[in-house]
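A quick write-up on the structure given underneath.
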Amino acid sequence: MTLLEARALEVHYGGIRAVRGIDLDVGEGELVCLIGANGAGKSSTLRAICGLVARSGRIRYAGEDIGATPAFELPRKGLVMVPEGRGIFPRLTVEENLAMGAYARTDPGIADDLERQYAMFPRLAERRRQTAGTLSGGEQQMLAIARALMARPRLLLLDEPSMGLAPMLVAKIFDIVREIARQGVTILLVEQNARLALEIAHRGYVMESGAIALSGEARALLADPRVREAYLGEGAG
Amino acid sequence: MDTFVQQLVNGVTLGAVYAVVALGYTMVYGIIQLINFAHGEVVMIGAMVAFTVIPILAAAGLPPVVAVALGAACAVPVCMAVGYAMERLAYRPLRRAPRLAPLITAIGVSIVLQHLAMMIWSRNVLAFPQIIPLVTFSFAGATMTGVQIAIVAICAAMMAGLAWLVYRTRLGRAMRATAQNPQVAALMGVDIDRVIAATFVIGAAMAAVAGVMFGTYYGVAQYTMGSILGLKAFSAAVLGGIGNVPGAMLGGILLGVVEALGAGYIGDLTDLCRWGIGPAERCADGGHFVLFGSNYQDVFAFVVLILVLVFRPSGLLGERVGERA
């Protein structure tokens with residue numbers, strides 16, 4: 001079943017077309033990655049899905065048209081985004097940040113989920129009373145992911161979770177993403193680190209200048225000579 | 001010494017009211033980086049509404065304290081509606097405009113409200129009927145009236161209530177999150193339009209009570225009273241660090257105390273005869289030649305504002321800028 005379906009999605013910033021009428025599908029339970037160079041329109045695509053930028057085209061989520069839905073109503077429907085640059089609230093404590101993740105929820109399971117995040121991210125448990133601005137970059141990224149999980153997402157949009165992190169931390173973050181997917185959360189992952197993204201994803205889309213240049217099974221894309229040359233830093237020979 | 005303690009008592013009373021008004025400035029600034037110059041007019045409208053209602057109630061034979069409480073109960077919803085309306089009609093359409101546009105609009109809103117009040121309540125000074133019996137308490141060489149005690153207690157209760165709201169409730173957490181990053185707050189499910197409107201409405205409710213207290217304390221209200229009071233409360237917010245809730249409380253109290261002590265001592269300190277440099281004919285037989293009298297009281301708030309802006313622009317408890325995010 002298709003959980004997210006975008007058709008002829010366009011984003012304009014003034015006169016610049018950042019996203020040029022792309023089609024994109026994410027099936028329930030899938031881990032799909034969207035890769036491409038800086039400025040290819042990956043983040044704009046995610047922001048358009050969440051209603052953070054003006055967009056045209058059609059976006060359906062869980063069988064419902066969300067093309068005119070304001071951003072703040074999406075978490076209630078299970079569509080949650082971890083924004084680029086993490087977007088933690090620096091002067092709120094770690095625990096308050098996590099509570100903000102559950103803002104849209106009214107069910108009684110919030111306290112249990114908080115403990116679940118602390119079990120998954122022990123570093124955050126140690127620092128629960130600290131303000132989030134005092135955390136290191138890797139800890140902030142974990143906090144951003146844990147905060148998104150507090151919303152009990154059905155579809156999680158991740159915008160460049162590896163950005164600015166040391167290679168060891170990047171590997172750790174990707175392990176976490178894989179684990180979240182294994183638990184049944186559908187994921188759309190935007191990444192510049194094409195190799196790592198394709199290694200954990202089921203399917204991938206390659207974006208170039210606002211359009212989808214290639215798409216297919218992640219394994220096939222990893223083997224595709226065009227992808228190898230342009231995104232994996234390997235010569236054609 | 002008696003002057004000192006007495007002025008300290010007066011200063012804390014006045015400062016508590018400044019603090020409550022300053023919270024309205026600081027909360028709005030914290031969340032949308034707007035200095036809402038019309039906030040002082042909301043205080044004025046609160047006082048005017050109460051002054052309209054209280055004499056009627058008092059004439060109907062209600063006990064004075066009940067009449068004042070009911071006056072405040074009428075002023076609060078009116079001011080909340082004014083606060084909501086100004087956000088909805090004047091500021092929300094300009095949310096994405098350059099920062100100068102809402103700032104100038106705020107000055108415009110202030111002028112509009114002031115003139116509306118003039119049309120409704122006339123240019124005259126409204127006098128508060130002397131219905132509250134004067135009760136005084138002696139305390140360490142100073143006298144404190146019942147009204148002063150009530151003002152300090154009510155302000156303390158409102159500040160404690162606001163601190164609880166901001167730091168302990170879901171709405172308060174959403175307000176702080178919106179102040180730090182509105183876009184991400186929206187991604188968490190926060191309807192930021194509603195949170196911003198709530199901020200205006202809460203600030204206006206406190207302004208209404210402040211207006212009633214200020215009017216009761218001085219016994220008069222006029223359509224122009226909001227400007228100077230608003231500017232002083234704004235100075236208090238800047239002194240504490242604009243955008244910072246505990247800062248506004250601290251700044252308000254400090255400003256009130258500085259103002260009262262200044263007013264208490266300026267005459268004495270600028271008496272040229274005291275320093276032996278006054279004209280001989282005036283200083284003979286213990287005479288005085290005072291340069292600045294206590295009518296210069298209003299100057300202190302702005303001297304403080306200038307000093308803060310020059311030496312510590314982020315205020316006493318100001319948020320550090322440039323935190324990693």
Side-chain angles (χ1 to χ4, degrees), chain A residues 46-47 49-54 69-93 95-106 110 131-137 139-141 143-144 147-153 156-159 164, chain B residues 26-27 29-33 88 92 95-98 163-199 240-248 314-315 317-325:
Chain A
L46 283 199
R47 297 167 68 78
I49 293 168
C50 287
L52 290 181
V53 291
T69 309
F72 73 87
E73 281 179 12
L74 296 174
R76 246 167 289 264
K77 301 176 192 292
L79 202 172
V80 179
M81 171 153 128
V82 177
E84 190 178 5
R86 301 160 198 137
I88 53 133
F89 301 112
R91 290 188 298 279
L92 261 50
T93 64
E95 191 141 312
E96 286 175 327
N97 267 274
L98 292 172
M100 281 308 297
Y103 183 83
R105 284 172 61 183
T106 47
I110 295 176
T131 54
T134 63
L135 300 182
S136 72
E139 289 164 348
Q140 290 190 4
Q141 186 62 61
L143 176 58
R147 183 180 61 180
L149 293 177
M150 286 298 292
R152 287 228 174 136
L156 185 61
L157 308 180
L158 291 168
D159 197 349
Chain B
T26 228
M27 284 181 2
Y29 184 86
I31 208 154
I32 55 172
Q33 286 75 52
R88 189 72 191 80
R92 194 180 297 180
R95 191 100 36 89
R96 285 167 201 282
W164 175 79
L165 177 88
V166 169
Y167 293 106
R168 289 282 178 271
T169 66
R170 183 168 173 269
L171 173 63
R173 197 160 55 221
M175 285 165 71
R176 287 181 292 141
T178 304
Q180 292 175 39
N181 194 335
Q183 207 165 59
V184 177
L187 285 176
M188 305 286 118
V190 178
D191 182 351
I192 59 171
D193 282 343
R194 277 180 62 179
V195 168
I196 292 169
T199 306
I242 191 136
N244 183 306
V245 167
S314 61
L317 305 182
E319 315 265 340
R320 280 171 299 129
V321 280
E323 271 170 319
R324 58 202 291 184

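In what follows, chains are A, B, ... by sequence order, proteins preceding strands, each numbered from 1.
Residues B:Q180 and A:R91 approach most closely at OE1-N, 2.9 Å, considering heavy atoms. Between A:G87 and B:N181, the shortest heavy-atom distance links the atoms CA-ND2, 4.2 Å. Heavy-atom minimum distance, A:P75 versus B:G189: CG-N, 3.5 Å.
Atom CE in A:M100 sits 9.5 Å away from atom CZ in B:R176 (nearest 0.5 Å). Atom CE of residue A:M150 and atom CE of residue B:M188 lie 11.5 Å apart, to the nearest 0.5 angstrom. Taken from OH in A:Y103 to CG in B:D191, the straight-line distance is 8.0 Å, to the nearest 0.5 Å.
Highest contact tally toward chain B, considering only A:L92, A:N97, A:V82, is held by A:L92 [criterion: heavy-atom pairs under 4.5 Å]. Residue with the most contacts toward chain B among A:A102, A:A148, A:A99: A:A99 (heavy-atom pairs, distance under 4.5 Å).
Environment of CZ in A:R76: crowded, with over 12 heavy atoms of neighbouring residues, nucleotides or ligands closer than 6.0 Å. More than 12 heavy atoms of other residues, nucleotides or ligands sit less than 6.0 Å from atom CZ of B:R170.
Within the 4.5 Å cutoff, side-chain heavy atoms of A:F89 are placed close to those of B:V184.
Heavy-atom distances place no part of A:E73 under 4.5 Å from chain B, backbone and side chain included.
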